[in-house]
Amino acid sequence: MEIEKDQEASGMKDVAEGAAAQEPEKEPEAGEEVKSQEAEPEEAGEEAETAPPEGEDPRTWAEKRAAKKQAKLDKKAQGYKDQIEQLEDKVKRQLAEFENFRNRTEKEKHAMFETGAKSVIEKMLPVVDNFERGLATVPEDKKEDPFVDGMNRIYKQLMTELENIGVKPIEAVGQEFDPNLHNAVMQVESEEYESGTVAQELQKGYTYRDSVVRHSMVAVVV
């Protein structure tokens, strides 16, 4: 019986050793293999970024890298500078156009005001003429009359206000004839004045701020 038990145990041991010999080796997991393969390019890339080419001085290689980086920064900065200059030029042009528009508008406004003022003054001048004609016909003994004195005061006030706004009478008698100021309606002979001189004023002329509102009607010496 003991011999049979020993033979049975020896057979089981042999079966176990054979099974173990036939068992295949365990393959590595897929995740581990991919991880190791992916690490290699990164390490190679880092080495290419940080390490200079073989046989080149590290200092020279670093200077080249710094110069290349600086060149990129300079190019970018130049691009910003060009954009700023373009915007500044555009703003300056717009400001110049606005200034020209403002000046042109001011001139047009001034011209319209001057035209309107001259038109009003032209309509007032016949009133001034009538005042002068009426006062000129007053006899000497009637000039102290209150009514005449009142009319004379009104006339003087009117002339003062016209003068304050720039209206002035044109000098005529004794002045050399000037077609820009005088309108010659007749010619006369005179022993007092030379030829081409205004000898008589038939209607007074006026200027408004150096611009003629109405020419003087005059008689010129032949």
Side-chain angles (χ1 to χ4, degrees), residues 83-222:
Q83 291 180 2
I84 292 172
E85 290 179 353
Q86 291 177 1
L87 291 174
E88 288 179 347
D89 182 68
K90 185 176 181 180
V91 171
K92 289 179 181 179
R93 289 178 180 271
Q94 290 179 345
L95 288 175
E97 291 177 359
F98 176 76
E99 185 67 19
N100 292 335
F101 170 77
R102 188 176 68 85
N103 293 336
R104 185 170 61 252
T105 303
E106 287 294 329
K107 289 181 180 179
E108 293 176 354
K109 181 180 178 181
H110 180 73
M112 291 175 63
F113 177 82
E114 294 294 314
T115 301
K118 288 176 67 176
S119 177
V120 173
I121 293 168
E122 285 179 350
K123 293 178 180 179
M124 292 178 64
L125 292 181
V127 178
V128 174
D129 295 338
N130 290 333
F131 263 109
E132 292 176 346
R133 293 190 188 101
L135 293 173
T137 59
V138 176
E140 288 293 331
D141 58 341
K142 296 291 185 181
K143 288 186 177 180
E144 300 298 329
D145 188 85
F147 177 77
V148 176
D149 182 64
M151 295 297 292
N152 194 29
R153 290 177 182 272
I154 294 173
Y155 167 73
K156 289 181 179 180
Q157 182 181 8
L158 176 60
M159 296 304 296
T160 300
E161 294 301 326
L162 288 174
E163 185 177 357
N164 289 337
I165 64 174
V167 179
K168 295 180 180 180
I170 298 174
E171 295 184 6
V173 178
Q175 301 294 319
E176 184 179 357
F177 174 77
D178 185 353
N180 296 318
L181 302 175
H182 308 134
N183 181 20
V185 294
M186 59 185 300
Q187 292 181 337
V188 295
E189 295 181 355
S190 175
E191 297 179 356
E192 183 179 0
Y193 300 108
E194 298 179 355
S195 175
T197 303
V198 176
Q200 185 180 359
E201 183 180 58
L202 304 177
Q203 186 182 55
K204 189 178 294 185
Y206 293 89
T207 59
Y208 171 67
R209 295 183 180 180
D210 300 328
S211 176
V212 176
V213 178
R214 187 177 73 181
H215 290 75
S216 297
M217 296 178 61
V218 297
V220 183
V221 178
V222 179

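Within the structure, salt bridge (Lys or Arg N to Asp or Glu O under 4.0 Å) pairs that include any residue of residues 106-115 comprise Glu114-Arg209 (at least two apart or interchain). Note on residues 134-154: pairs passing salt bridge (Lys or Arg N to Asp or Glu O under 4.0 Å), not counting sequence neighbours, are Glu140-Lys143, Asp149-Arg153.
Listed for the Arg214 side chain is no donor-acceptor partner under 3.5 Å among the backbone atoms of Glu122. In this structure a side-chain-to-backbone donor-acceptor pair under 3.5 Å is present from Ser195 to Val222. In this structure a side-chain-to-backbone donor-acceptor pair under 3.5 Å is missing from Asn152 to Val148. No side-chain donor-acceptor contact under 3.5 Å links Asp89 to the backbone of Glu85. His215 places a side-chain N or O within 3.5 Å of a backbone atom of Asn180 that can act as its donor or acceptor partner.
Residues Val221 and Glu194 share a closest heavy-atom pair of CB-O, 3.3 Å. Across every non-hydrogen atom of Ala199 and Val173, the tightest pair is O-CG1, 4.0 Å. Of all heavy-atom pairs between Ile154 and Phe131, the closest is CG2-CZ, 3.7 Å. Scanning all heavy atoms of the two residues, the minimum distance from Leu135 to Met151 falls at CD2-CB, 4.3 Å. Minimum interatomic distance between Lys123 and Val127 (heavy atoms only, all atoms of both residues): O-CG2, 4.3 Å.
Tested against Ser216 for a side-chain contact (heavy atoms from CB on, under 4.5 Å), the candidates Lys204, Glu201, Gln175 yield a single pass: Glu201.
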Would you mind writing out the side-chain donor-acceptor pairs for residues 155-171 within the sub-3.5 Å range, not counting sequence neighbours?
residue, atom, partner, partner atom, Å
Tyr155, OH, Glu132, OE2, 2.7
Thr160, OG1, Lys156, O, 2.8
Asn164, ND2, Thr160, O, 3.2

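Here CE of Met124 is found 11.5 Å from CG of Asp129. Values are rounded to the nearest 0.5 Å. Distance check: Leu125 CG to Tyr208 OH gives 12.5 Å after rounding to the nearest 0.5 Å. Residue Lys118 holds its NZ atom at 10.0 Å from OG1 of Thr207, rounded to the nearest 0.5 Å. To the nearest 0.5 Å, the span separating NZ on Lys92 from CD on Glu99 amounts to 15.5 Å.
Atom CG of Asp210 has 12 or fewer neighbouring heavy atoms from other residues, nucleotides or ligands inside a 6.0 Å radius.
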Next item on the list: Decide side-chain contact (heavy atoms from CB on, under 4.5 Å) for Met186 and Leu202; before the verdict, give the C-alpha distance in whole Å, the side-chain angles of both, and the deciding distance to 0.1 Å.
Entry: CA-CA 10 Å; Met186 59 185 300; Leu202 304 177; 4.0 Å; yes
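With contacts defined as side-chain heavy-atom distances shorter than 4.5 Å, the pair Val220/His182 does not qualify.
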